[in-house]
Amino acid sequence: MKSRKLLMIPGPIEFEPSVLRAMGEVTTSHVAPNFIETFSNCLGFMKEIWKAPNGQPFILSGSGTLAMDVAIANLIEKGDNALVISTGYFGERFKDILNCYGANVTFMKSSLGSCVSLLEIEAELKRKDYKLVTMTHVDTSTGVIVDPQPIAELAKKYNVLSVLDGVCSVAGEVIEQEDWGLDIVFTGTQKAIGVPPGLALLVASKKAIETWSNRKTPVQSYYSDWKNWLPIMEAYENKKPSYFGTPAVNLIRALEVSLKIILDEGVDARVHKHNKYAHAFRKSIESIGLKIIPVSEKVASNTLSAVYYPENVDGNQFLKHVSDYGVIIAGGLLADIKTTYFRVGHMGSVNTCDIIAVLSAIEYSLLKTGYDYTQGKSLETFQKLI
Ligand SMILES: *Cc1c(COP(=O)(O)O)cnc(C)c1O
């Protein structure tokens, strides 16, 4: 019998056995021919998944937050104006990182569960001379999805760099980096990319690299500076050995396996699958009277759902019963409403059985906590929709 529980949080997620096996392969030298090949493949695969054939990919050891740091450290100089479009917790993090590098931050916060309107964003871009605008594709604290395309278009119109936090979206939501004109799109491995935590993945546009190379002042971070990493990425892409900091050999080998799985399935098919499961999952929990944080299905993400506990149901008790049943889901993350909701990740290699197990665990927990609903209703709804 499987000893572990089903991990259905918004990262880390359940990983493919072949990805986990790749982690356990013998560690080779970071300049061994087989590893150079692996690294080069990963960089190429990233350009396909990001849909950025002319982009510059980076693979660095660190979590998704390192990718945020790299984007801001390399593009921002002290005193630059930056616009943050925030839909939750990770918008706040952008603000903190921008402040750390001396940017002048304008923080546009959406009302809970919705996005900032394009009219407001354009008015702000007109008002001030911005260097860059940031947005969180899917904010993992609220499950709200932002449409990056029109914002990237506005950014281009006002000659502003656009930075997309895709940590909870790359490989789970539609992304067309080059067509949409996004300057930076990044993620971490443990979300929809499907590899254990530890790698920060980022693709930069030509304009982003030019902006960095035309800086008047040095980058205010040693580890994040593209000066150290760009030659390494270029070398690996051209299948040449190089060294700045030892790459995470085993994780990068696992990344190669996972990116290959995604590309074999097809990115578009994969995104479509995410969309189908997300929609069916939410309809199912709504059929037993639960409510989600996003104000409409239109702004609800493919990769996770943020759901309010029913009235009079204690969150800790609820999560404990779900865990006793064998499923791990996440509590709230957004400070003001942390204790009022839970989050379910449904990304990566998620399948029908996973969703059925989560719904069943949620129903079991609601039964235990005395919530009044029709037993089996969410499962019935899911079976009809899928
Ligand atoms: C998880 C996440 C991050 C942070 O990534 P870490 O790997 O935890 O550092 C940033 N942004 C979003 C949208 C995320 O979901």
Side-chain angles (χ1 to χ4, degrees), residues 7-15 50 58-73 84-98 100 107 109-110 113 115-116 133-148 151 162-175 177 182 184-203 221 223-224 248 251-252 254-255 258 274 278 293-294 299-306 328-335 338 341-348 350:
L7 188 58
M8 295 296 284
I9 65 173
I13 60 168
E14 289 283 330
F15 301 120
W50 270 243
F58 291 85
I59 301 173
L60 301 177
S61 301
S63 75
T65 305
L66 176 71
M68 302 177 84
D69 189 88
V70 166
I72 303 306
V84 173
I85 298 162
S86 176
T87 39
Y89 181 92
F90 289 104
E92 304 272 346
R93 180 160 299 182
F94 257 136
K95 180 178 72 184
D96 292 345
I97 297 171
L98 282 158
C100 182
F107 192 70
K109 186 176 167 179
S110 68
C115 308
V116 180
V133 57
T134 74
M135 56 201 128
T136 315
H137 199 178
V138 172
D139 198 297
T140 320
S141 67
T142 55
V144 168
I145 183 165
V146 165
D147 183 359
I151 303 174
S162 52
V163 176
L164 182 71
D165 175 348
V167 180
C168 205
S169 71
V170 174
E173 307 282 356
V174 179
I175 295 177
Q177 178 169 3
L182 288 161
I184 303 255
V185 178
F186 59 77
T187 190
T189 41
Q190 77 275 23
K191 311 242 171 129
I193 289 287
V195 175
L199 294 175
L201 311 175
L202 178 148
V203 179
S221 160
Y223 190 82
S224 289
L251 273 169
I252 292 171
L255 178 66
S258 196
H274 278 78
I293 290 184
V299 293
S301 80
N302 287 347
T303 49
L304 86 144
S305 297
I328 303 295
I329 58 175
L333 180 62
L334 197 61
K338 209 173 160 61
Y341 75 106
F342 63 94
R343 295 171 302 146
V344 175
H346 30 73
M347 61 183 119
V350 63

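As the structure is a computational prediction, the values presented were derived from the model and not from experiment. Whatever order the structure lists ligands and atoms in, that order sets their numbers, starting from 1.
Across Gly194 and Ile13, no two heavy atoms sit closer than the pair CA-CD1, 4.1 Å. Of all heavy-atom pairs between Ile184 and Ala71, the closest is CG2-CB, 4.0 Å.
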Pairs under 3.5 Å, N/O atoms on ligand 1 and on the protein: can you put them in a table with the distances?
| unit_1 | atom_1 | unit_2 | atom_2 | d |
| --- | --- | --- | --- | --- |
| ligand 1 | 7 (O) | Gly64 | N | 2.8 |
| ligand 1 | 7 (O) | Gln190 | NE2 | 2.8 |
| ligand 1 | 9 (O) | Ser63 | OG | 2.6 |
| ligand 1 | 9 (O) | Gly64 | N | 3.3 |
| ligand 1 | 9 (O) | Thr65 | N | 2.9 |
| ligand 1 | 9 (O) | Thr65 | OG1 | 2.5 |
| ligand 1 | 11 (N) | Asp165 | OD1 | 3.3 |
| ligand 1 | 11 (N) | Asp165 | OD2 | 2.7 |
| ligand 1 | 15 (O) | Thr140 | OG1 | 2.3 |
| ligand 1 | 15 (O) | Lys191 | NZ | 2.6 |

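For His346 (side chain) and Asn302 (main-chain N/O), a donor-acceptor pair under 3.5 Å exists by modelled atom type.
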Pair Thr140-Arg343, side-chain hydrogen bond (donor to acceptor under 3.5 Å, both in side chains): steps then yes or no: CA-CA 9 Å; Thr140 320; Arg343 295 171 302 146; 5.8 Å; no
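At least one side-chain heavy atom of Met8 sits less than 4.5 Å from a side-chain heavy atom of Val350. At a threshold of 4.5 Å between non-hydrogen side-chain atoms, the residues Lys191 and Val138 do not count as touching.
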